[in-house]
Amino acid sequence: MIMGAEFEILAFTWAGLIAFAVLVYVILDGFDLGLGILFPFGGSHRNRDVMMNSVAPVWDGNETWLILGGGGLFAVFPLAYAVVMPALYMPILLMLLGLVFRGVAFEYRWRTVRWRGVWDAAFFGGSVIAALCQGIALGALVQGIEVEGRAYAGGWFDWLTPFSAMTGLAVLTGYALLGATWLVMKTEGPLNARMRGFAWPLGLATVGFVGLVSLWTPFLEGAYFERWFSLPFSVFTVLVPLLVAGLAALFVHGLRSGHDRTPFLAALGLFVVAYAGIGVSFYPMMVPPDITIWQAAAPESSLWFALVGAAILIPIILAYTAYAYWVFRGKIDPEEGYH
């Protein structure tokens, strides 16, 4: 297949846009899911009301980025979508069911007293399942998907391995950290102190998981090992530990000094560094280890058509998201909840 320079640039641009959409989703919905993971540990019904109200104005907007990433993959990388979906049907379906339970619980738990415990459990369970399945799906993709003749050639449970189980736990822990630090930033009093206490062990566990994934990943595929330990990408191999150490120090300083925003920003930084590391491992693959960005891309005319729509839509979503967070900035007042 002969590819023109314009097609290569378009496909690369779209790969970057989808990667950006997924990163924004992970950052925004990560603390939302993490809050749900910590929901049973709020200490009281009042605290749980405050926890939910801290994200109630923005939670549904956060998931816009998941739709953008998934829809964009289907539209502009149809081969990747056709291979990834059959390989990851189970974790993706469970993730979506978890998100559905969370969405319903957001509204129903405020409409009942008798069944509130049921909806609290649905919110917690949906959050845990969604986070765990996202991590498992990520691990399954990183470890590689078996492809023959442009189609998935693996089995039903190839996605479930020690590595994917570990990444599932890593994402679950990392999201819980984001949730704890989000609540440190958004609340005051006993709930703030309670979440500050949870942030310490969660931060330590998250840094440990980042290190474990970083050490394990290069040995999954020969291409990963070569990329991480050869120039120019080997520079990033040196930078990752330094960046993680710096962010960990910033996290500790924020918790000790009482700077409520700093731990949350440091936790977000850990996710960005980890995500960049995955990007270094993947490039130029869209579906490791066999399908590149350009092999998976749709025809050039389709890429152009979709890019025009994205150029209009993405700035609107960014503006709306920024406005929503600006309007609901600052500490939440327990007496003036969203609901």
Side-chain angles (χ1 to χ4, degrees), residues 1-30 61-89 91-92 95-96 99 134 137-147 149-152 217 221 223-224 227 232-233 236 271-322:
M1 179 179 178
I2 299 175
M3 298 181 293
E6 186 174 318
F7 173 80
E8 292 184 2
I9 293 172
L10 273 174
F12 181 79
T13 300
W14 261 112
L17 287 175
I18 291 177
F20 173 75
V22 173
L23 176 61
V24 174
Y25 168 76
V26 167
I27 287 175
L28 296 183
D29 212 34
N62 293 343
E63 295 182 356
T64 303
W65 297 96
L66 179 63
I67 297 171
L68 180 62
L73 185 69
F74 174 76
V76 299
F77 295 106
L79 177 59
Y81 187 90
V83 170
V84 169
M85 284 301 295
L88 304 178
Y89 269 142
I92 289 177
M95 177 196 74
L96 293 175
L99 293 176
Q134 285 179 18
L138 172 64
L141 187 60
V142 170
Q143 73 189 8
I145 294 176
E146 186 177 350
V147 178
R150 295 168 62 86
Y152 176 58
T217 299
E221 287 286 341
Y224 294 165
R227 192 168 297 121
F233 295 113
F236 198 72
F271 270 80
V272 172
V273 171
Y275 192 79
I278 294 171
V280 170
S281 298
F282 267 38
Y283 184 81
M285 298 296 164
M286 197 70 189
V287 182
D290 298 316
I291 300 177
T292 67
I293 294 170
W294 302 282
Q295 290 171 333
E300 186 174 325
S301 57
S302 298
L303 297 179
W304 271 118
F305 179 80
L307 187 62
V308 172
I312 298 172
L313 187 62
I314 290 178
I316 293 174
I317 298 174
L318 284 171
Y320 162 78
T321 301

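Quantities reported herein were computed from a predicted structural model and do not represent experimental measurements.
Remark: Thr292 OG1 to Leu79 CG distance equals 9.5 Å, nearest 0.5 Å. To the nearest 0.5 angstrom, Leu313 atom CG is 9.0 Å from Thr64 atom OG1. Note that OG of Ser301 is 10.0 Å distant from CZ of Phe7, once rounded to the nearest 0.5 Å. Taking CD1 of Ile314 as the reference point, atom CG of Leu307 lies at 8.5 Å (rounded to 0.5 Å).
Side-chain atoms of Tyr81 never come within 3.5 Å of backbone atoms of Gly72 as a donor-acceptor pair (strictly under, hydrogens ignored).
Residues forming a side chain to side chain contact (heavy atoms under 4.5 Å, CB included) with Phe20 (at least two apart in sequence, or on another chain): Val24, Trp65, Leu318. Under the ring-ring contact (aromatic ring centres under 6.0 Å, His included) criterion, Phe305 pairs with no residue, sequence neighbours left out. Not counting sequence neighbours, Glu6 has no partner by the salt bridge (Lys or Arg N to Asp or Glu O under 4.0 Å) test. Under the side chain to side chain contact (heavy atoms under 4.5 Å, CB included) criterion, Ile92 pairs with Met85, Leu88, Leu96, not counting sequence neighbours. Applying the side chain to side chain contact (heavy atoms under 4.5 Å, CB included) rule to Ala11 yields the partners Ile293, Trp294, Ala297, Leu303; only residues at least two apart in sequence or on another chain are considered. Applying the side-chain hydrogen bond (donor to acceptor under 3.5 Å, both in side chains) test to Tyr25 and every residue at least two apart in sequence or in another chain returns Asp29, Gln134. By the side-chain hydrogen bond (donor to acceptor under 3.5 Å, both in side chains) test, Gln143 is found to be paired with Thr161, residues two or more places apart in sequence or in another chain being considered.
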Got a list of side-chain donor-acceptor pairs under 3.5 Å for residues 274-289, not counting sequence neighbours?
residue: Tyr275; atom: OH; partner: Ala19; partner atom: O; Å: 2.6
residue: Ser281; atom: OG; partner: Trp228; partner atom: NE1; Å: 2.6
residue: Ser281; atom: OG; partner: Gly277; partner atom: O; Å: 3.2

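The salt bridge (Lys or Arg N to Asp or Glu O under 4.0 Å) pairs that include a residue from residues 290-303 number zero, where partners must be two or more places apart or lie in different chains.
For the pairing with Leu66, the side-chain contact (heavy atoms from CB on, under 4.5 Å) check across Leu28, Val26, Leu99 returns one residue only, Leu99.
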Discussion item. As a quick check of understanding, evaluate side chain to side chain contact (heavy atoms under 4.5 Å, CB included) for Leu68 and Leu17, giving each step before the final call.
Written reply: CA-CA 10 Å; Leu68 180 62; Leu17 287 175; over 6 Å; no

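The shortest side-chain heavy-atom distance between Ile145 and Tyr152 falls under the 4.5 Å cut-off.
Summarising the geometry of Ala75 relative to Ala298, their closest heavy-atom pair is O-CB, 3.9 Å, with the distance given to 0.1 Å.
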